[in-house]
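Before any comments, here is the structure.
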Amino acid sequence: MNTFMPLHRNITDARDGFAAREALTDPLFTKLAPPTQLAACRDLVEACALGSGAIPVQLRRTLDAALQRSDRVIHDSLSAS
């Protein structure tokens with residue numbers, strides 16, 4: 001087992017794109033981690049769309065509205081309990 005196996009497993013199990021991106025900026029990780037772990041981290045960063053740029057304005061408005069509605073539904077359902 002290599003040194004980075006637990007770190008890599010935690011990152012990929014949590015599907016944490018931010019942690020994967022941070023690990024990929026660490027020279028020691030990129031030097032010592034096996035190619036499969038590096039590829040998994042790169043794939044996770046890509047899947048999370050980190051570094052892809054901004055969300056178009058109309059899509060952002062739609063997303064914000066959906067999040068506000070879901071927040072209200074959750075809040076109301078917790079208040080009713």
Side-chain angles (χ1 to χ4, degrees):
M1 183 164 101
N2 71 56
T3 307
F4 294 103
M5 187 63 86
L7 173 63
H8 173 262
R9 188 176 311 119
N10 288 343
I11 290 169
T12 54
D13 286 353
R15 304 292 298 157
D16 188 340
F18 290 106
R21 182 174 64 181
E22 187 173 331
L24 290 169
T25 64
D26 184 314
L28 187 59
F29 180 79
T30 57
K31 180 179 178 184
L32 298 177
T36 55
Q37 290 181 3
L38 295 172
C41 284
R42 283 192 294 273
D43 291 347
L44 183 53
V45 170
E46 184 178 335
C48 293
L50 298 176
S52 296
I55 297 174
V57 173
Q58 186 54 46
L59 182 57
R60 176 60 188 242
R61 287 182 185 137
T62 302
L63 177 60
D64 286 344
L67 290 171
Q68 288 173 2
R69 280 192 303 274
S70 65
D71 181 62
R72 278 194 304 273
V73 168
I74 292 169
H75 184 271
D76 291 349
S77 68
L78 292 174
S79 296
S81 300

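Along the sequence shown, residues carry numbers from 1.
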task: Using the side chain to side chain contact (heavy atoms under 4.5 Å, CB included) rule, take L38 and R42 through it: C-alpha gap first, then chi angles, then the decisive distance, then the call.
output: CA-CA 6 Å; L38 295 172; R42 283 192 294 273; 3.6 Å; yes
Of all the heavy-atom pairs spanning [X] and [Y], show the shortest one and how long it is.
{"X": "A20", "Y": "L44", "value": "CB-CD2, 3.9 Å"}
{"X": "F29", "Y": "A23", "value": "CD2-O, 3.3 Å"}
{"X": "S77", "Y": "I74", "value": "OG-O, 2.9 Å"}
{"X": "G51", "Y": "R21", "value": "N-NH1, 4.4 Å"}

field: Residues that Q58 engages under side-chain contact (heavy atoms from CB on, under 4.5 Å), provided they are two or more places apart
entry: R61, T62
- prompt: In Å and rounded to the nearest 0.5 Å, what is the SG to CG distance from C48 to D43?
  reply: 11.0 Å
- line: When rounded to the nearest 0.5 Å, the distance separating CG of L24 from CG of D26 is 9.5 Å
message: Under 4.5 Å side-chain heavy-atom separation, chaining through any Ile, Leu, Val, Met, Phe, Trp or Tyr, what else clusters with L63? Say none if it is isolated.
response: I55, L59, L67
message: If the condition is side-chain hydrogen bond (donor to acceptor under 3.5 Å, both in side chains), which residues does D64 pass it with, not counting sequence neighbours?
response: R60
